[in-house]
Amino acid sequence: MNDILVVNIADMKASNSGNRLITYALGSCIGVAVFDPVAGAGGLLHYMLPDSKLDERKASENPFMFADTGITSMLRKLEKCGCEIRRLTIKAAGGSNIMDPNGTFSIGKKNYLALKRILWRYNLILRGEDVGGSLSRNMTLNLAEMSVSVRYSGVKEEVWL
Amino acid sequence: MNPVLEKILQNIEKVPPLPSIVMKILSVMRNPEPSIKNIIAVVQLDEVLTFRVIRMANSAYYKRSGEDVRTVGEALIRLGNNTLINMVIAESCSQYYESAGTGYDLKRGELWRHSIATALVSQKLAEKTQFEHKEALFTSCIMHDVGKTLLDSYMSTKRAEILSKLALGTVTFTQAEMEIMGFSHGEIGARLLERWGFPQDMISAVRHHHEPERALSGKKLAYHVYLSDVICLMMGIGLDLGGLSYTAQKDIFDMFNLSEADVQMLFIYLVEELAKTEEMIRG
Ligand SMILES: [Fe+2]
Ligand SMILES: [Fe+2]
């Protein structure tokens with residue numbers, strides 16, 4: 001009970017036993033926290049790229065590298081844990097970008113747009129988000145409280161999503 | 001002179017000397033026809049390195065179904081020149097990162113992991129851009145943030161000021177460092193490399209790794225260090241207080257014909273390569 005599970009880059013963890021799931025140092029990657037309060041289960045995904053079309057072989061080896069395959073795999077896993085898709089609360093953080101006045105180089109932004117597109121396909125909306133800018137974030141999904149928070153590098157206070 | 005800078009420069013004097021093997025390797029590799037035999041000979045003189053090189057060659061990833069290797073020469077055949085040399089350089093430099101990073105809000109070991117990751121992705125990048133000086137690039141990447149190790153405790157007193165500058169969203173981390181401390185971590189790293197007698201192009205690449213267009217000698221090397229670092233930062237590897245508060249320089253990506261898809265493929269390469277290299281990272 002109440003163990004801390006660390007989610008790495010291109011990784012996802014799900015739990016139905018009140019654990020705390022945490023992922024560190026989101027840069028242009030995006031963390032997606034999902035939970036179903038009725039089922040008491042949820043998951044945290046940390047993907048790094050927007051679209052699995054880049055390399056479908058890699059995506060089949062590790063779907064959590066990409067937004068599309070990552071979210072689909074996470075939802076499937078959560079359904080197995082007793083979650084229902086229509087009951088899910090979804091919150092996202094990350095998607096920072098290098099400072100670029102021309103907006104030419106923005107994997108973070110593309111990661112965010114990909115997320116919106118995929119959620120739209122599932123008829124889901126983001127209930128909370130803290131996305132963009134140029135700073136580093138840690139993200140926590142507390143399944144005991146069904147809460148999601150973000151902490152910026154160097155800052156003690158948590159931001160609740 | 002800035003009294004803080006003076007104090008930090010005094011601390012540079014106390015940094016243990018660089019193992020001589022690093023300079024030997026770099027000078028052998030600058031030779032148009034490098035003799036790998038010389039490198040084997042130098043590695044064999046060092047018991048600890050010999051042990052680690054052989055252990056790496058016998059690790060599950062490299063060994064596969066082969067037999068145990070027992071000599072540096074056999075290890076070289078299994079690992080290949082580039083991997084062996086990089087491993088020796090990494091092993092020789094890891095000592096400078098032992099306690100570093102906390103002032104920048106990095107967990108213990110993260111600055112070292114960032115250095116290794118930058119060095120690893122630089123090698124793949126160099127293949128793509130056909131950059132020749134792979135060993136110099138690897139070493140520069142390993143050392144690019146070494147200045148942070150000397151600024152660790154000072155930075156922990158300046159965090160709040162740095163963060164309030166960055167919160168504006170218009171100031172780069174380098175500008176914030178300049179305004180608040182009067183110098184950047186690249187500058188401090190470069191001073192250490194100067195003391196160790198590194199070649200000019202490598203000193204310059206470390207000094208200007210966030211603004212590589214300022215490098216006076218070896219611009220190409222500086223651009224490669226910059227690109228490798230940016231890729232690691234975007235992926236969040238060793239991402240610290242400064243986050244991604246650096247300027248994106250599209251022209252540098254264009255200069256080497258790097259498309260965004262290429263960069264994305266480098267993300268994938270690196271995440272896989274890092275997993276393989278965890279053993280090297282833990283040392
Ligand atoms: Fe740096
Ligand atoms: Fe760096």
Between Ile98(A) and Tyr246(B), which heavy-atom pair has the shortest distance, and what is it? CG2-O, 3.0 Å
Just verifying a value: how many Å separate Asp55(A) CG and Phe267(B) CZ, rounded to the nearest 0.5 Å? 14.5 Å
So CE of Met234(B) and OG of Ser96(A): to nearest 0.5 Å the spacing works out to 12.0 Å
Please report the closest heavy-atom contact between Glu260(B) and Ser106(A), naming both atoms and the distance. OE1-N, 4.0 Å
Quick one: what part of Met65(A) sits under 4.5 Å from any heavy atom of chain B, side chain, backbone, both or neither? side chain
Would the number of heavy atoms belonging to other residues, nucleotides or ligands and lying under 6.0 Å from NZ of Lys63(B) be above 12? yes
Exceeds 12 heavy-atom contacts within 6.0 angstrom, atom NZ of Lys165(B): no
With a 4.5 angstrom heavy-atom cut-off, could you sort out which part of Glu272(B) is near chain A: side chain, backbone, both or neither? side chain
Among Val263(B), Leu106(B), Ile237(B), Ile162(B), the residue with the most heavy-atom pairs under 4.5 Å to chain A is Val263(B)
To the nearest 0.5 Å, how far apart are OH in Tyr104(B) and OG in Ser136(A)? 15.0 Å
Quick one: do the Ser153(A) and Asp105(B) side chains pair a donor with an acceptor below 3.5 Å? yes
Less than 4.5 Å to any heavy atom of chain A: does that hold for the side chain of Leu166(B), its backbone, both, or neither? side chain
Top of Asp100(A), Asn8(A), Leu26(A), Ile107(A) for chain B proximity - count of heavy-atom pairs under 4.5 angstrom: Ile107(A)
So for Phe66(A), is it side chain, backbone, both, or neither that comes closer than 4.5 Å to the heavy atoms of chain B? side chain
Between Asn97(A) and chain B, with a heavy-atom cut-off of 4.5 Å, which part of the residue counts as in contact: side chain, backbone, both or neither? backbone
With chain A, which of Leu241(B), Thr172(B), Leu233(B) has the greatest number of heavy-atom pairs at distances under 4.5 Å? Leu241(B)
Engaged part of Phe173(B) at the chain A interface, taking heavy atoms whose separation is under 4.5 Å: neither
Which one, Ser245(B), Ser156(B), Gly238(B), Ala167(B), leads in non-hydrogen pairs under 4.5 Å with chain A? Ser245(B)
Could you pull out the closest heavy-atom pair between Met235(B) and Ile9(A), with the gap in Å? O-CD1, 3.5 Å
Shorter than 4.5 Å, heavy atoms on both sides: which option in Arg159(B), Gln264(B), Lys250(B) has the most such pairs with chain A? Gln264(B)
Rounded to the nearest 0.5 Å, the CG atom of Leu135(A) sits from the CG atom of Leu163(B) at a distance of 7.5 Å
Please examine the side chains of Tyr24(A) and Glu110(B), heavy atoms only from C-beta on, and report whether any two atoms are closer than 4.5 Å. no
More than 12 heavy atoms of other residues, nucleotides or ligands under 6.0 Å from CZ of Arg214(B): yes or no? no
Name the region of Leu54(A), side chain, backbone, both or neither, that has any atom closer than 4.5 Å to a heavy atom of chain B. both
Would you mind telling me which of Gly94(A), Gly27(A), Ser28(A), Pro50(A) has the largest number of heavy-atom pairs within less than 4.5 Å of chain B? Ser28(A)
Atom pair NZ (Lys58(A)) and CD1 (Ile268(B)), whose distance is rounded to the nearest 0.5 Å: 7.0 Å
Are any non-hydrogen side-chain atoms of Val271(B) and Met48(A) less than 4.5 angstrom apart? yes
